[in-house]
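What follows is a single structure, written as C-alpha cells, with notes after it.
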Amino acid sequence: MDTGSDASRQRSRLSRRAALGAIGGTTVALAGCTGGGSADSLTVSVYGGAYGNVFEEEVADPFEAETGISVEVAKAWSNRVTKLRSAQSGGGEPPFDVIGLSGFNYLSARTEGLLQSVRYENVPNAEKVWPFFREYRTDEYGVPGEAGPLGIVYKEGKPHAESWAEFTTTDAPAGMNGGYWKNPLIVSALLTDAAPGIEELYDPDQYDPMFSTLEEIAANVASWYQGGADVWSALDGGTIDYGGFYFASGLAGIDNRPEKEYGMLLPEQSPGYFTNFCVTNTDRREESEQFLDFMLDTEIQTNWHQSGYYVPANQEVAGSYADRVAGDYPTTNEELESFLLLGNSERLAENQSTLSDRFTQVISS
Amino acid sequence: MAGAFADLRDGLGRRPQLLVVPVLVFELLAFGGAIAYLVRLSFYESATTAAYRSGTWTLANYAELVSNGLLQERLLFSLRVGAIVTACSLLLGFVYAYAAWRASGRKRTLLLGAVLVELLISIVIKVYAWKPLLAPDGTVNDLLGGVGPVELLNNEVGVVIGLVYSMLPYVVLPVYATLATLDETLLEAARELGASRARSVLEIVVPQAMPGLLAGGVTAFAWSTVAYAAPSILGSTAERTIANEAGRFINGTYDWPRAAALSVEAILVVLLATALAVGLVRRFGPRGATEGLL
C-alpha cells in the first residue's frame, strides 16, 4: 500500500515538475519571440527579400564570426515600427536591438521615442560616411548604412523608356511602384516644370500640375505593382515590357535569371532612399553600436556593395564599385547630392495623407 | 475538494448553460478587448509624425467615411465583390459537395481530401499561384490558343477567381456536413414518384442543405468583402477593398485613426449584411434553416 502511495506521490511530483518545466520552457520561448536577443546576441531588423539575404551574408554573419555575438536578422517590409511601438506601449523589451529605417518610418520612430541616440564615440567608422547622408536629415538616432536609387528594368529587344520622361511617350506597357506614393510622385515632380527640381512635392499650390503629369504617366502604366515579386511576375507574364524598380534589386534579380533577357538602366537623376540604422530602446546599446561601427567598416561596406549593388554609405568604397555599376554611381559628395531625389519626409509629413489619397485616386481611375 | 467538484458537477447539471461561461469570458477579453481598442483608436485625431494624437477625441475619421468619394467607391467595390464571390462559391461549392456526397469509396475520399489539402495552404500562396496561370503569357491563355490573350489578371475577373478558389472549402465542408445527414432514400423516392433529377435536387437536397449553404455563404461573404491578398495580388489598383485601404493608412500614411474608422465600418457592414441574409432565409427559406444562428 505504502509503495503505491509513494509511487503516486512521485508521479504527482514528476507531473508538477513536467508542468513547471513546460511553463518555463514556454515562457523562455515566448521571451525569445517577443523580445530582442540575449546578452551575447542581437536582433537586427532590415527590409525583406534579397536585401535581407545579402545583409545577413555580408554584414551579420561576418560580425558574428568576428565578435562571437550572434545576430538574428529579422527580415520584413512592413509593420516593423508598429512592433517597436507595441512592445514599448506594453512595457516590454523591443523586439529588435537594431533597426534599419528610412523616410517616414525613421521620422515616426524617433518622434515617438522608440530609438536611442547614437553615441558616435562608439562608431568611429561613421567619419567615413558621405557628408550628404549625415546632413540631409538628422543622424542623431541612426547612422546611414546604404542607399538605393530607382532604375528602369526592361525586356531586351522590346521598346522601353530610357528616361523618366519617356514613360509618357513610349508605346509599350509600363510598370511602376503603386504600393507607395512617394517615388511615382517624385518622378512626376521631376517632370513638371512648375517649380525647380521636385519642389512641387512640397507646395500644395503646385499639386495640380504635378498630378497632371502623374495622370500622363498613369495612362501608360499597365501594372502598379506592390513589390519586387510583382515586378518579375509582371515582366515574366507579359503584363509589362519595362518599369521603374530599385536599381540594386533589379541587377540582383537579373543575375538570378540568366535565362531571361532583361536589362537595367539608371537615369541621371532618380528617386531613391537611404537607410539610417538605429539602436532601439534596448539594454544592449553598446553591442548594437559595435554592430553599427562594424557595418560601416570599409571592407564590410565593399563586400555588401559587391553582392547587393547598394550605394554604400562609406565614401571610401567609391573607388572600388562593382563593374556593373561603375560609371553609374556617384564618386563625389556633390554627385551624390544631385544623383538621389529623396523626398524629405519632414517637409512632406503635413500633407502626406492628401498626397497619398490623390495618388491612389489617380492610379485607380 | 471532492465535495466542491461534486457541487460544481451538480450545478452544471442543473444549469448546463454555465458551460459556455469560459468561452464567453475568453471572447470578451480577446475579441471584445481588441474591438474596444479599435473603436477607441478610431476616435483619436490623426498626427503627422506619429500613429495618432494621444488623449484626443474626434468624429472627423467617421465624417470622412461619408465625405470621401474614394473610400465610398472602395466600400461599394468590397460589397460587390463579396456578393459575386459568395454567389459563385455557393453555386460551385454546392455542386462540389453534392458530387462528393453522391460519390463513394476512393472517389469521395479524393474529392474531400482535395478540399482539405487546399485548406492547409496559405491564402497568399494560393492566390499567388494564380498569377502565372492567368497572366497574358500564362497557362490559361496558352490553353486558349488563338482566342487570347484574354485579360484575366489585374482586373476584377482575376480577383473573383482567386477569391472563389480560396472560399470554396468554407462552402463545400459545411454543405457536405449537412448533406451527410440527409436520407438518400428521400431522393430515390422523389425520382420514383416522377421528379426529374434536377427537380429532386432542387426540392429535396437544396432545402436540406440550407443551413450549410447559409454558414458557407456567411463565411464567404464576410471574408471576401474584406479580402486583402487577392485584390492586391490579382487585381489592378482599381480593385481594392476597404481592407486594402486600411492597409494603406497603416503602412503608407501611418494614419491609424483613419484605418480604425474604416475597419469599424467594415465590421458593421459585414454584420448588417449577414443579419440581412439570415433574416431573408428565416423569412423565406425552409423551416429550421437558421437554427442556432443569431
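All figures in this text were calculated on a predicted structure; none of them were measured in a lab. Quick note on labels: first sequence line is chain A, next is B, and so on, each numbered from 1.
Of all non-hydrogen atoms in B:Arg258 and A:Asp357, the two that sit nearest each other are NH2-OD2, 2.7 Å. Annotation for B:Gly252 and A:Tyr180: closest pair O-CE1, 3.5 Å, computed over non-hydrogen atoms.
Each of A:Asp236, A:Asn79, A:Leu355 has some count of heavy-atom pairs under 4.5 Å with chain B, and the biggest count is that of A:Asn79. Ranked by heavy-atom pairs under 4.5 Å with chain B, the first of A:Asp230, A:Thr360, A:Asn351, A:Thr82 is A:Thr360. Counting heavy-atom pairs closer than 4.5 Å to chain B, the top-ranked of the candidates A:Leu107, A:Asn105, A:Val81 is A:Asn105. Counting heavy-atom pairs closer than 4.5 Å to chain B, the top residue among A:Ser223, A:Gly237, A:Gly178 is A:Gly237. With respect to chain B, the highest number of heavy-atom pairs below 4.5 Å among A:Ser78, A:Ala109, A:Ala349 belongs to A:Ala349. Note: A:Gly238 leads A:Ala222, A:Ser365, A:Gly238 in heavy-atom pairs under 4.5 Å with chain B.
For a residue to count as touching a neighbouring chain, one of its non-hydrogen atoms must lie under 4.5 Å from one of that chain's; by this rule A:Trp77 does not touch chain B. Residue A:Arg110: no heavy atom, backbone or side chain, is found under 4.5 Å from chain B. If you measure heavy-atom distances from B:Glu73 to chain A, the contacts under 4.5 Å come from the side chain alone. Proximity to chain A (any heavy atom under 4.5 Å) is restricted, for B:Glu245, to the side chain, taken from C-beta onward. Proximity to chain B is limited to the side chain of A:Gln226, based on heavy atoms less than 4.5 angstrom apart. Using a 4.5 Å cut-off between heavy atoms, A:Ser233 touches chain B through its side chain atoms alone. Only the side chain of B:Ile250 comes within less than 4.5 Å of a heavy atom in chain A; its backbone stays farther off.
In this structure a side-chain-to-backbone donor-acceptor pair under 3.5 Å is present from B:Thr237 to A:Ile363. With A:Glu112 contributing its side chain and B:Ala51 its backbone, the two residues share a donor-acceptor pair below 3.5 Å.
Counted within 6.0 Å of CD on B:Glu45, heavy atoms from surrounding residues, nucleotides or ligands total more than 12; the atom is thus considered enclosed. At most 12 heavy atoms of other shown residues, nucleotides or ligands fall within 6.0 angstrom of atom NZ in A:Lys158. Summarising the local packing, NZ of A:Lys83 is surrounded by 12 or fewer heavy atoms from other residues, nucleotides or ligands at distances under 6.0 Å. The environment of CD in A:Glu346 is crowded: more than 12 heavy-atom neighbours from other residues, nucleotides or ligands sit within 6.0 Å. The number of heavy-atom neighbours closer than 6.0 Å to CH2 of B:Trp223, taken from other residues, nucleotides and ligands shown, is 12 or below. Annotation for A:Asp171: atom CG does not count as buried by contact number, only 12 or fewer foreign heavy atoms lying within 6.0 Å. In the displayed structure, A:Glu199 atom CD is contacted under 6.0 Å by more than 12 heavy atoms of other residues, nucleotides or ligands.
For the atom pair CH2 (A:Trp181) and CZ (B:Arg248), the distance works out to 11.0 Å, reported to the nearest 0.5 Å. Between the OG atom of A:Ser364 and the CZ atom of B:Arg240 there is a distance of 7.5 Å, given to the nearest 0.5 Å.
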